[in-house]
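Below you'll find the structure, written out as structure tokens, and then a few comments.
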Amino acid sequence: MELAELINKKHDEARQGEAFKASVTPLLHGKKFYIESYGCAMNFSDSEVVASILQENEFSATPDFEVADLILINTCSIREKAEQTIRKRLTEFRKIKRTRPGMLIGVLGCMAERLKAQLLEQEKLVDLVIGPDAYRSLPALIKEASGGQKGVNVLLSRDETYGDIAPVRLNSNGITAFVSITRGCNNMCSFCVVPFTRGRERSRSANSIIEEIRSLVEQGYKEITLLGQNVDSYHWVNETGNETVTFANLLEQAALVSTDLRVRFSTSHPKDITDDVLYTMAKYENICKCIHLPVQSGNTRVLQLMNRTYSREWYLAKVDRIREILPNCGLTSDMIAGFCTETEEEHQDTLSLMDYCGFDMSYMYFYSERPGTLAARRFKDDISLEDKKRRLQEIVDKQGELSTKSNLNDIGKTFKILIETRSKRDANDWTGRTSQNKITVFPKSNENQQPGDYVWVKIHDCTRATLLGTIVDHP
Ligand code: SAM
Ligand code: SF4
Ligand code: F3S
């Protein structure tokens, strides 16, 4: 295409965009939206993109759904229970709609993607159904739904990253923020619905990520968490094809934005986290020393059925490597109890792996079969609910012991803490986190202190989930 032609095409597109926006905004002007998010941090981060798109279209956010013209619920499909919770909530919202007929209810996120028009047509629960890659079409779909049509868009994209959209921070403490770096997932863990609800993995441009981080620093934010289902497979090639940015490179660039900014990331897949990432973490004090490394099971046969692509031994070797390069690194995990055909001995392997790794914290679940996944198609969900729950309880108890042990081990040590908020229990206490991501509570030591300050705290006591300490001078 000739340059002039290309420019004209771009102008036409821009004009059409403007015309489209102009036709939508009077309808939305002054209206209020309420958004509620479920599921993982990616969903909460997406809600901030949605808020940005709506505010651009002259909607304003309200924390009170009773006065909202549009209620949005950003949903999760990861386990059956997550979907049940959302259905209950939708039924409550539906009742409100009966008293406020003009109001619209929209379902966003993974459940929208999984169930598609079913929520609109069969269950008649909502007015709008919008999948995770279709948020740009929200204003147009609201317009259609206001006119009585069905507002559905669940198309998944191979390149949508919302990289150009500056998220509107919702419920923000002004100190910590999420920054999405990848969308989707190319792994095919057999139990997992995410590849179906979020589509293929794509990496957001490194420039737009660093720009967003710079802007957060200018606004006074002190900690960012780089987000993706598998951050270690981040891979971005610039427009001219002469620069490739890996996750280790991106982490370094993020750390260099400001030495006063803490950088965290989640989630790491054990097969993809590299020595480069570990050495980059070691090199920069402001990259937090904590890795969330979900294992799912401690048994190689079960891991194979789960299609996790690593064995027990491989995982343990990775943990050894982390301990070698980052001796003070926090380590957390995810576990699934009672996956298809798991025997009692194989369950014991998960408990013994937890002992070896000494996780500081874990998210623990029992297996919930998800329609359409590889496991649902190939394996029988043959562990009774009773056994699943008992095994899960054993895992939870084991993690309780390990968390307590890890916290007791911190007594007498001094940590640099970023103050985040006042403690819920006592307004004279602050809460913040150590680099290892442990929540720490301590009394204020002077009136000038405020959230966003770094302080040194000596730990003198702990509970299973919290460290308790006192502010001390810089050691
Ligand atoms: N991408 C991350 C990973 O690979 O570890 C996290 C994915 S998922 C959002 C978070 C956790 O939910 C998983 O690590 C897994 O433990 C759990 N999970 C996923 N599917 C599940 C299922 N069908 N039943 C129970 N737990 C599940
Ligand atoms: Fe799901 Fe596996 Fe992807 Fe994590 S890595 S989102 S568990 S498919
Ligand atoms: Fe749930 Fe979707 Fe996240 S299924 S865990 S909200 S990617």
Side-chain angles (χ1 to χ4, degrees), residues 36-47 50 73-86 107-115 131-133 154 156 178 180-202 227-234 265-273 291-298 302-303 305-310 315 318 332-340 342 350 359 361-377 379 381 383 385 388-389 391-392 395-396 399:
E36 199 167 281
S37 308
Y38 293 82
C40 62
M42 303 285 311
N43 246 20
F44 285 75
S45 175
D46 277 4
S47 293
V50 168
I73 179 158
N74 198 354
T75 60
C76 175
S77 287
I78 201 85
R79 284 167 290 277
E80 199 183 345
K81 187 143 182 289
E83 290 198 354
Q84 281 166 359
T85 310
I86 289 159
V107 174
L108 313 176
C110 293
M111 206 170 153
E113 193 61 49
R114 196 178 84 73
L115 297 172
D133 288 346
V154 288
L156 285 172
F178 292 133
S180 282
I181 66 163
T182 62
R183 296 184 70 79
C185 184
N186 281 356
N187 294 321
M188 269 288 170
C189 302
S190 63
F191 51 79
C192 186
V193 78
V194 173
F196 304 94
T197 60
R198 294 264 168 178
R200 304 291 293 167
E201 183 185 277
R202 60 229 100 116
L227 284 185
Q229 289 299 349
N230 182 5
V231 284
D232 302 278
S233 63
Y234 178 85
F265 57 89
S266 185
T267 300
S268 290
H269 193 295
K271 78 172 160 54
D272 291 316
I273 188 165
I291 299 177
H292 185 58
L293 198 69
V295 65
Q296 315 298 359
S297 164
V302 176
L303 285 168
L305 291 185
M306 288 177 162
N307 203 20
R308 286 293 286 185
T309 70
Y310 53 84
Y315 184 91
K318 189 55 84 178
T332 60
S333 197
D334 293 354
M335 262 78 67
I336 299 179
F339 187 64
C340 313
E342 182 191 67
T350 299
F359 298 125
M361 192 276 294
S362 292
Y363 296 104
M364 299 153 283
Y365 317 95
F366 63 76
Y367 173 59
S368 163
E369 186 178 80
R370 307 311 291 132
T373 55
L374 288 182
R377 282 184 270 145
F379 314 125
D381 181 13
I383 309 298
L385 188 60
K388 281 182 184 173
K389 285 189 173 170
R391 289 181 196 175
L392 175 61
I395 290 175
V396 169
Q399 186 54 58

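When a ligand or atom number is given, it counts from 1 through the structure's own listing order.
- For atom 4 (S) of ligand 3, the closest non-hydrogen atom of the protein is Ser77 N, 3.3 Å.
- Any N or O atom pair closer than 3.5 Å counts here, and Tyr367 shares no such pair with ligand 1.
- Listed by atom number, the atoms of ligand 3 under 4.0 Å from Cys110 heavy atoms are 2 (Fe), 4 (S), 6 (S), 7 (S).
- Distance check: Asp272 CG to Asn230 CG gives 4.5 Å after rounding to the nearest 0.5 Å.
- Counting heavy atoms closer than 4.0 Å to ligand 2, residue Cys189 contributes atoms from both its backbone and its side chain.
- Contact annotation for Pro195 and ligand 2: only side-chain heavy atoms (C-beta onward) come within less than 4.0 Å of the ligand.
- Contacts with ligand 3 closer than 4.0 Å are made by side-chain heavy atoms of Gln229 only, the backbone lying farther away.
- Under 4.0 angstrom from ligand 2, the non-hydrogen atoms of Val194 all belong to its side chain.
- Checking Asn187, Thr373, Asp272 against atom 5 (S) of ligand 2, the nearest heavy atom belongs to Asn187.
- Ser333 is listed as a side-chain neighbour of Tyr315, based on a closest heavy-atom distance under 4.5 Å.
- Atom 1 (Fe) of ligand 3 has no N, O or S atom of Cys40 inside 2.8 Å of it.
- A donor atom on one side chain and an acceptor atom on the other are not found under 3.5 Å apart for Ser190 and Asn307.
- Listed by number with element, the atoms of ligand 1 under 4.0 Å from a non-hydrogen atom of Asp334 are 10 (C), 11 (C), 13 (C), 14 (O), 16 (O).
- Within the structure, ligand 2 lacks Arg198 among the residues with a heavy atom less than 4.0 angstrom away.
- At a cut-off of 3.5 Å, with distance as the only test, no side-chain donor of Thr197 or Ser77 sits close to an acceptor on the other residue.
- Shown in contact with Arg308 at under 4.0 Å from a heavy atom are these atoms of ligand 2, numbered in order with element: 2 (Fe), 7 (S).
- For the residue pair Ser297 / Glu342, no side-chain donor-acceptor distance below 3.5 Å is found, with atom types taken as modelled.
- Ligand 1 lies nowhere less than 4.0 angstrom from a heavy atom belonging to Tyr363.
- For ligand 3 and Cys76, the ligand atoms under 4.0 Å from any heavy atom of the residue are 1 (Fe), 4 (S), 5 (S), 6 (S).
- Under the 4.5 Å side-chain criterion, counting only non-hydrogen atoms from C-beta, Phe366 is in contact with Lys389.
- In terms of N/O distances under 3.5 Å, ligand 1 is approached by Ser368.
- Checked against a 3.5 angstrom limit, the closest N/O atoms of Phe191 and ligand 1 fall inside it.
- Checking only distances, Arg308 does come within under 3.5 Å of ligand 1, N or O to N or O.
- Closest heavy-atom approach to atom 15 (C) of ligand 1 among the candidates Met306, Gln296, His292: Gln296.
- At least one heavy atom of Arg198 sits less than 4.0 Å from an atom of ligand 3.
- Residue Gln229 holds the heavy atom nearest to atom 1 (N) of ligand 1 of all those in Lys271, Met364, Gln229.
- Under a 4.0 Å criterion applied to the non-hydrogen atoms of Asn43, ligand 3 contributes the atoms 6 (S).
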